[in-house]
Protein chains: 2
Amino acid sequence: MQIACVQMAPRIGEKDLNVRRAIDFVTRAADLGAELVVLPELANTGYVFDSRAEAESLAEPVPDGSTTAAWSEVASALGVYIVAGIAEKADGALYNSAVLLGPDGYLGSYRKTHLWGDEKKLFASGDRPSPIYDTPLGRIAIAICYDLWFPELFRLYALGGAQIVCVPTNWVPMPNQSADRPAMANTLAMAAAHTNGLVVACADRVGVERGQPFEGQSLVVDQSGWPVGDVASRSLEEIVSASITLDARTSVGTHNDVLADRRADIYGRIPAFDGH
Amino acid sequence: MQIACVQMAPRIGEKDLNVRRAIDFVTRAADLGAELVVLPELANTGYVFDSRAEAESLAEPVPDGSTTAAWSEVASALGVYIVAGIAEKADGALYNSAVLLGPDGYLGSYRKTHLWGDEKKLFASGDRPSPIYDTPLGRIAIAICYDLWFPELFRLYALGGAQIVCVPTNWVPMPNQSADRPAMANTLAMAAAHTNGLVVACADRVGVERGQPFEGQSLVVDQSGWPVGDVASRSLEEIVSASITLDARTSVGTHNDVLADRRADIYGRIPAFDGH
């Protein structure tokens, strides 16, 4: 299975441009053979809103908004699956969401459950995990950016049967860390993949927006915990493309399985999750 | 606070030699300024037992065994704390354990809760987490080797107030991974440290025992998630020494704390753990 992460630089507020450019990237990824394409967090709006009013003016209902419609159309036209970050408006609240679209259109969405920084002033938190979408490509779940700091969520997905977790993200440099270091989020994605036998595909944005730099370094990690191919650059728009195999990989040795070996008696049970 | 991880090569079955060599390493580490010294998993016996009978013949009661006595003596003499892997015998069962010793002698122990490979044929699993030992150096918990594959355990320790997790280990190359890769366990230690604001200090063994190679690459990771100083070699006996600061580091930004931001409503509550 061929997966692609689009590392692009949305421009704050320029939604039409961002939606169109995302479509161009998806088209290019499909030309390269991608069957599943991941776009960054808030790919249609940009990230650094100067007010809740600005965020609200850009957010859309899901799935009944123009961005979801436009991206669904390109998914159908190219016969690909897309996971893409989008600002969602619902019942007066805003959500930092991601949609899953396929050849037959809209499949579902996930609202970010762990909000980072000023997001807490703008967005409501989602109140449930991503559904696990059983697609012809494999069983796909979604996490967004700071969700990576919570290995519990990836464990929940693995126990629920997910094979791939797509991660639209807008990684920012960690406070108190040298900017020369690789993104710590790459380490977290590798650990989440290895300890759960998951493919983890992270599409980060690049650029500097209203003074906020982003980290780039998008990557696809396979079940071994290692990136497949190169990690993307820190600052360039580019596509990370990887060929992955979705065999069951929670076994880490003849006598060991990272899910079966869990000791719920010690650190608690993760609630039963059937993926819905 | 100065911490040292002793990367050494115990010899299977040569307990007197291993205990004495461990004391030499602890002495050297103390000479270098270490206040807390971590030794590998099963540092007194070696790892690749050819039978349960062999393991049983080498295992000792804890704390009433000769190894604990000898290592307690050096801890007292040098005024240091030691965390060291040891084969424990209790009530007819064997445990892959680690002891914590201090200037005043034996403080406690932990029995490995996640057993790797053939360990399941030899050892019983521990049935509780490491206590969190409140020492003058800081609040210390213990994990052993494959425990690193279970981020739940490190979360439990962090929520219980641990500041340092000492990891005696005998990392083996992961099945189906190129031997050229760095130890995946280093990635797991980094993720555990960063996502919990913990210091994670891993003392691995080196050498090849009865055909089983070990990974080396001992390291001390601070709360940022990055190794302090160099990661040890793959094959040499050496001491990794690091200066660490035990301030509270679960904050990862102005508005975020990796413990407070957990969503127990989504992936379940980790049981209340007061460290005992």
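Each chain gets a letter, A, B and so on, in the order its sequence line appears, and its residues count up from 1.
- With a 4.5 Å cut-off on non-hydrogen atoms, B:Arg128 touches chain A through its backbone but not through its side chain.
- Heavy-atom neighbours of chain A within the stretch residues 180-191 of chain B, taken at a separation under 4.5 angstrom, comprise B:Arg181, B:Pro182, B:Met184, B:Thr187, B:Leu188, B:Met190, B:Ala191.
- Considering only heavy atoms from C-beta on, A:Ile86 stays 4.5 Å or farther from A:Leu42 through its side chain.
- Heavy atoms of B:Asp222 lying under 4.5 Å from chain A are absent altogether.
- The contact between A:Arg269 and chain B is made entirely by backbone atoms, counting heavy-atom distances below 4.5 Å.
- For the pair A:Thr45 and A:Ile12, the minimum side-chain heavy-atom distance is 4.5 Å or more.
- Heavy-atom proximity under 4.5 angstrom to chain B picks out nothing from residues 199-215 of chain A.
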Starting from the C-alpha separation in whole Å, work towards a yes-or-no answer on side chain to side chain contact (heavy atoms under 4.5 Å, CB included) for A:Leu94 and A:Glu88.
CA-CA 6 Å; A:Leu94 305 182; A:Glu88 179 184 4; over 6 Å; no
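- Residue B:Ile266 holds its CD1 atom at 11.0 Å from OG of A:Ser130, rounded to the nearest 0.5 Å.
- Between A:Arg155 and A:Asn196 the shortest side-chain heavy-atom distance falls below 4.5 Å.
- When each of A:Leu159, A:Val258, A:Val252 is scored by its heavy-atom pairs under 4.5 Å with chain B, the top score falls to A:Val252.
- No side-chain heavy atom of A:Tyr110 sits less than 4.5 Å from a side-chain heavy atom of A:Ser97.
- A distance of 9.0 Å separates CD1 of A:Ile244 from CD of A:Gln163, quoted to the nearest 0.5 Å.
- Of the two parts of B:Leu156, only the side chain, counted from C-beta on, holds a non-hydrogen atom closer than 4.5 Å to a non-hydrogen atom of chain A.
- Applying a 4.5 Å heavy-atom cutoff, the residues of residues 145-152 of chain B that approach chain A are B:Tyr146, B:Trp149, B:Phe150, B:Pro151, B:Glu152.
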Worked check of side chain to side chain contact (heavy atoms under 4.5 Å, CB included) between B:Tyr267 and A:Phe154
CA-CA 9 Å; B:Tyr267 33 70; A:Phe154 288 77; over 6 Å; no
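- Using a 4.5 Å heavy-atom threshold, the side chains of B:Val221 and B:Val228 count as separate.
- Below 4.5 Å, heavy atoms of chain A meet heavy atoms from B:Thr113, B:His114, B:Leu115, B:Trp116, B:Gly117, B:Asp118, B:Lys120, B:Lys121, all part of residues 111-121 of chain B.
- Put simply, of A:Asp127, A:Asp265, A:Asp261, the one with the most heavy-atom pairs under 4.5 Å next to chain B is A:Asp261.
- Contact count against chain A (heavy-atom pairs under 4.5 Å) is highest for B:Ser224 among B:Ser224, B:Gly126, B:Pro129.
- Here the side chains of A:Cys166 and A:Ile140 are in contact, with some heavy-atom distance below 4.5 Å.
- In this structure, CZ in A:Phe123 is found 11.0 Å from CD in A:Glu56, a value given to the nearest 0.5 Å.
- Taking each heavy atom of B:Gly268 and B:Arg262 in turn, the nearest pair found is O-NH2, 3.6 Å.
- Neither the backbone nor the side chain of B:Thr254 has a heavy atom closer than 4.5 Å to any heavy atom of chain A.
- Side-chain contact, B:Ser241 with B:Gln2: a donor N or O sits under 3.5 Å from an acceptor N or O.
- Side-chain contact of B:Gln177 with A:Trp226: a donor-acceptor pair under 3.5 Å is present, judged by distance alone.
- Distance OG/A:Ser51 to CG/A:Leu122: 8.0 Å, rounded to 0.5 Å.
- Considering every non-hydrogen atom in both A:Ala141 and A:Ile132, the closest pair reads CB-CG1, 4.1 Å.
- Here the closest heavy-atom approach between residue B:Ala98 and residue B:Val83 is recorded as CB-CG1, 4.5 Å.
- Looking only at side-chain heavy atoms (C-beta outward), B:Leu246 and B:Ile164 come within less than 4.5 Å of each other.
- Between the side chains of A:Ser251 and A:Asp257, no donor-acceptor pair of N or O atoms lies under 3.5 Å.
- Atom CZ of A:Arg52 is surrounded by more than 12 heavy atoms from other residues, nucleotides or ligands within 6.0 Å.
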